[in-house]
Trainee: 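Below you will find the structure I want to go over with you.
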Amino acid sequence: MSQAYLRNLNPAQLQAVKHPPDIPLQILAGPGSGKTRVLTARIAHLIFHHHVAPQAICAVTFTNKAANEMRARLDILVGVHDTACIRMGTFHALCASFLRRHGRMVGLETNFTICDADESKKIVKALLGEHSKDLAAKRISLTEGTLMSMISKAKARGQTADELEANYRRSRASGSRKRSRLPSDVNNEDNSDDEQSQIMQDPNIMAVLIDIYRVYERTLRSSNSLDFDDLLLFGVCLFKRNPAVGEWCQHVLVDEFQDTNTIQYELMRQIAAASRCVTIVGDPDQSIYGWRSAEIKNLINMQRDFLNTQQILLEQNYRSTASILGASMAIVSQDKKRVAKTLRAEHPAGPSPMLQLFLNEHQEAGFIASEIKKLVAATGGMLEWGDFVVLLRFNALSRLIESALQKEGIPNRILGGHKFFERLEVKDLLAYLQLIDNPHFVAAFTRVINVPARGIGEKTVNEILGAAQRLKLSPLEVVMRIHDGALPDIKPSVKRKLASFVPPVRELQTFARKDTLPSDLIRHLLESIKYDEHLRKTQKDWDSRWENVQELINFASEVEKNMENTKAAEPDEQPWDGDWDVLEEFDRDQLNDEGFVETSSDAVHKDKGTRKAREQQPEQDTPLRMFLQASMLSTDVASENKDDGKGKVTLTTCHAAKGLEWPVVFVPAVEKGTFPSHRAEDVDEERRLLYVACTRAQALLYLTHANSRMCAGEAKKKDMSEFVSAVLQNDKSYFSREAPNLSAGDRTLIAQLLGRNAPDEAEVVRRMAQYNSSTQAWNASYGFPNYSVAQPRLAGSSDSAPPSVRPPPVNPSLTAGPASAAMSQSAAPSQSSPAPSASDGPQSSTVKSTGVKRRLGMGRTGGGYPNKKFKTPGNTSGTSNESTPCFADVR
DNA sequence: AAGATGAACATTTTT
DNA sequence: TGTTCATCTT
Ligand SMILES: Nc1ncnc2c1ncn2[C@@H]1O[C@H](COP(=O)(O)OP(=O)(O)OP(=O)(O)O)[C@@H](O)[C@H]1O
């Protein structure tokens, strides 16, 4: 029984799993080679064979989602109970939980609030405002975004504001040789790097940066809050100062190691300080987070820091067809600096990856939608909606494709787009709860004090904040005292207005102290501030926002359930339980004389917070706190919601697709300026990104691009991505220009690859007939360009046909139904690209329309609730596309 | 203080 | 394309 986890591993994988635990191990391997599978099996092996206690294992994943998936796999291998005991999560999540318990050792209250990127930006923006005159005078434009990312980069290197300043001083002193650059060589590739360093050399900018960095840190500290980088920094500090905190850990395993940054690596070192037992898994070719300070160097650093580190390579790819793998390798191999590596395909060639060109992004989106439909039919239903993914360079590209899918009635979900926890209605409610848990979290206070509208505007808020600083109280406390009459009212009279704020907050505090479940807290909150009315009054789309509110309650319930389960699974065997008291005493002494990090020199607030928190919240893991933490750390409710994902086409970014796989992958906009992004700093990284995207595909891969595309306002001509054209130059055979007509052989191959049953051929014929008739009826009745039956319109074909389609009029050239093939053929092949096949082969062109119009009503029904935000036309904005499925105008 | 309007403007990627 | 900011009016 216990050996089950060793089955289904090849010799190299087995070797990695059985590698002696005390010899540091690097498993380096390409995509689809089973790295994650090996990591999971190795954990099982540690538990079963080496009898390592599950709670002595620390497994680090890149995302929460990956952690959940690994948990699910381990549930099967080692059982739910043991799995629940493993310390598993992202570096951030792990740090958050360590700091909840031991935060005091590094000067933190256990009720610290995690400040998300949005709030961080707001803080920086406010600070930037103070410098705006100064900057404007010097004609410098700086956005809070760039500033924030500079700060974040400094933090990811472990640089404090002081250190940054010292560093800068030193580098200036040592005679900086400034190269003057002509504006004309902006198109040089390494230009952006220079640009970066040029910014970092501008004394004005550096002065502002350092100042804002410093004040930003002070703001966070006095708010008793940590931003994402702080979680790691304080985590490192915790282990460094109190090595005993890490003694429980006997083995650390890190997935996606190529994307760890300096601090994360430092953290890994600290956690492994006692045991020196480390296993990492990674692939340099898949390093795509350099922009977030990931350091590929960490692989070498590890060899330096952990003596006798050994490497095991996995060279067999089990995920993709050989042709997909070949094309992907051809792409990534363009990187001359890359270390070549072997990757053999386990599976046969299969259909070639497709590379297709369209007139514009609408045609591209339409093609994707209709191709998905076609493939479901052509596989007799063996492929379902959930088997398809569209991988995008950036989120905004999802809009068109989403609506194309909806027009075709294809259910879909957008992963990570406009994130759930970033919606205003969700943030409002969370802010109330954050304020309840941590009255010092000013960001939450300023957000909710006037929600719903209480007539407390900017001016009043500033008065309150000023008073709070003078009195050394939290703004919440100030406002409560004013309400109670314990403090005098302030200039713009506010006392009366607080009647709708203070009592509800007090009530919530009382509930929270009694450990009322978060879901119930939210319900109370909604009622006491009449949030539904507020939404109705202020938001056009209040109903869908109200659904998000309900979804938040659901999420809270999920978290509550998980907490119960976790508690049940690990009664009270917290790994560190034994030495907790000792540690704390030991450290309090230490803390008294030496304080803590430079940035928290703000002793006044700290003391005050300390006393308050000890009186009010002696407990660390209150349900409310756990809920808030889960909210801040999880990007997506969908990843928790199992029911959602299946049965829908997924739209997401290439970045978010890391580590995942789908039978069919579409990558749109494979164009210069998108792949690589025109603002990318590192072109090689962009290429790797495309490589990652391609290697998600198991059976079928489509790269598409358009001749012109609306970008930031105006239509732009687009060329094919150099990553692909470079491949074509060497060898055109990697890609096919025609959409495949799946043969029975293809179906069998796909079935085998996916471990499914091949469909009945009769079913295939039936579905294809149905598919053809429905698309034809649909196209005919809407005068829609007939891209559908794998009929991309070609570049260079006369633009006159589709664009001027106004609602119902039917384009004459399309009424002929299947004959539309002729249209495509008239197209002139464009520059480098041979023409896609004109006709789509037997199924589509020979099966006559049966005249069934079943699809007619499907235009706008879509599937489920899209993440629709913002208003629909309603007002004067030109044509409404609400009622007519055909798009307004394609010019 | 809040709502309404229009102009300017900018779109990577995420824990 | 959609969003954010500035300015205006109530
Ligand atoms: N020995 C094996 N036999 C059969 N299938 C395998 C084997 N090892 C892995 N696989 C399958 O290969 C696919 C890829 O595995 P996995 O996700 O672990 O790869 P990976 O190396 O982590 O990929 P990536 O680098 O893209 O994250 C999975 O579907 C997995 O089930």
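Lettering follows sequence order; numbering is per chain, from 1. The shown structure was predicted, so the numbers you read here are calculated from the model rather than taken from an experiment.
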Trainee: Just by distance, with hydrogens left out, do A/Gln264 and A/Glu266 show a side-chain donor and acceptor under 3.5 Å apart?
Mentor: no
Trainee: Would you sort out whether A/Arg423 and A/Glu425 count as a salt bridge (Lys or Arg N to Asp or Glu O under 4.0 Å), showing the intermediate values?
Mentor: CA-CA 6 Å; A/Arg423 292 170 186 210; A/Glu425 62 276 20; 5.1 Å; no
Trainee: Collect all protein-nucleotide pairs involving nucleotides 5-10 of chain B in which both atoms are nitrogen or oxygen and the distance is under 3.5 Å.
Mentor:
residue: B/dA10; atom: N6; partner: A/Ala712; partner atom: O; Å: 3.1

Trainee: Base, sugar-phosphate or nothing for A/Tyr289? Non-hydrogen atoms, less than 4.0 Å.
Mentor: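 Since only primed, P, OP1 and OP2 atoms lie under 4.0 Å of A/Tyr289, the category is sugar-phosphate.
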Trainee: Identify which nucleotide among B/dT14, B/dA1, B/dA2 has an atom closest to any side-chain atom of A/Arg292, counting heavy atoms from C-beta outward.
Mentor: B/dT14
Trainee: Indicate, with a heavy-atom threshold strictly under 4.0 Å, whether A/Asn450 touches base, sugar-phosphate, or nothing.
Mentor: sugar-phosphate
Trainee: Using whole Å, report how far CE of A/Met148 lies from P of B/dT13.
Mentor: 17 Å
Trainee: Rounded to whole angstrom units, what separation is found between the CD atom of A/Glu458 and the C1' atom of B/dA2?
Mentor: 13 Å
Trainee: What is the distance, rounded to the nearest whole Å, between atom CD1 of A/Ile464 and atom C1' of B/dA1?
Mentor: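 Interatomic distance, CD1 of A/Ile464 to C1' of B/dA1: 14 Å.
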Trainee: Rounded to whole Å, how long is the line connecting atom CG of A/Leu424 with atom P of C/dT3?
Mentor: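 Nearest whole value for this atom pair: 12 Å.
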Trainee: Between C1' on C/dT1 and CZ on A/Arg709, what's the gap in Å once rounded to a whole number?
Mentor: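 Checked: the CZ to C1' distance equals 13 Å.
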Trainee: Between B/dT13 and A/Ser677, is there an OP1 or OP2 to side-chain N/O distance shorter than 4.0 Å?
Mentor: no
Trainee: Side chain of A/Thr460: nearest nucleotide among B/dA1, B/dT14, C/dG2?
Mentor: B/dA1
Trainee: Toward the 5' end of DNA chain B, which comes first, A/His655 or A/Arg454, by nearest nucleotide?
Mentor: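 Final value for this comparison: A/Arg454.
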Trainee: Taking atom types as modelled, find out whether A/Asp255 and A/Thr61 have a side-chain donor-acceptor pair closer than 3.5 angstrom.
Mentor: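 Per modelled atom types, A/Asp255 and A/Thr61 side chains form no pair under 3.5 Å.
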Trainee: Return the orientation label for the A/Phe62 and A/Tyr289 ring planes: parallel under 30°, perpendicular over 60°, tilted otherwise.
Mentor: tilted
Trainee: Roughly how many Å is it from CG in A/Asn395 to C1' in C/dT3, rounded to a whole number?
Mentor: 16 Å
Trainee: Does the ring of A/Trp291 meet both stacking tests against the six-membered base ring of B/dT13: centre distance under 5.5 Å and plane angle under 30°?
Mentor: yes
Trainee: Parallel, tilted or perpendicular for A/Phe555 and A/Phe627, by the 30°/60° rule?
Mentor: tilted
Trainee: Going by an N to O cut-off under 4.0 Å, is there a salt bridge joining A/Asp259 and A/Lys658?
Mentor: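 Yes, this pair counts.
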Trainee: Decide yes or no on side chain to side chain contact (heavy atoms under 4.5 Å, CB included) for A/Phe421 and A/Ser634, but give the supporting numbers first.
Mentor: CA-CA 8 Å; A/Phe421 291 102; A/Ser634 72; 3.3 Å; yes
Trainee: Which part of the nucleic acid does A/Lys125 contact within heavy-atom distance under 4.0 Å: base, sugar-phosphate only, or nothing?
Mentor: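 Sugar-phosphate contact only.
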Trainee: From the list C/dG2, B/dA1, B/dT14, which nucleotide is the closest neighbour of the side chain of A/Lys459?
Mentor: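 Out of C/dG2, B/dA1, B/dT14, the nucleotide with an atom closest to A/Lys459's side chain is B/dA1.
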Trainee: Between the side chains of A/Gln434 and A/Arg447, does any donor sit under 3.5 Å from an acceptor?
Mentor: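 A/Arg447 and A/Gln434 do not have a side-chain donor-acceptor pair below 3.5 Å.
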Trainee: How many whole angstroms separate atom NZ of A/Lys155 from atom C1' of B/dT14?
Mentor: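 From A/Lys155 NZ to B/dT14 C1': 16 Å.
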Trainee: A/Leu415 has an atom CG; how far is it from atom P of B/dT14, in whole Å?
Mentor: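 Atom CG in A/Leu415 sits about 11 Å away from atom P in B/dT14.
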Trainee: Both distances under 3.5 Å, Watson-Crick or G-U wobble: report the partner of B/dA10, or none.
Mentor: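 In the structure as shown, B/dA10 has no Watson-Crick or wobble partner.
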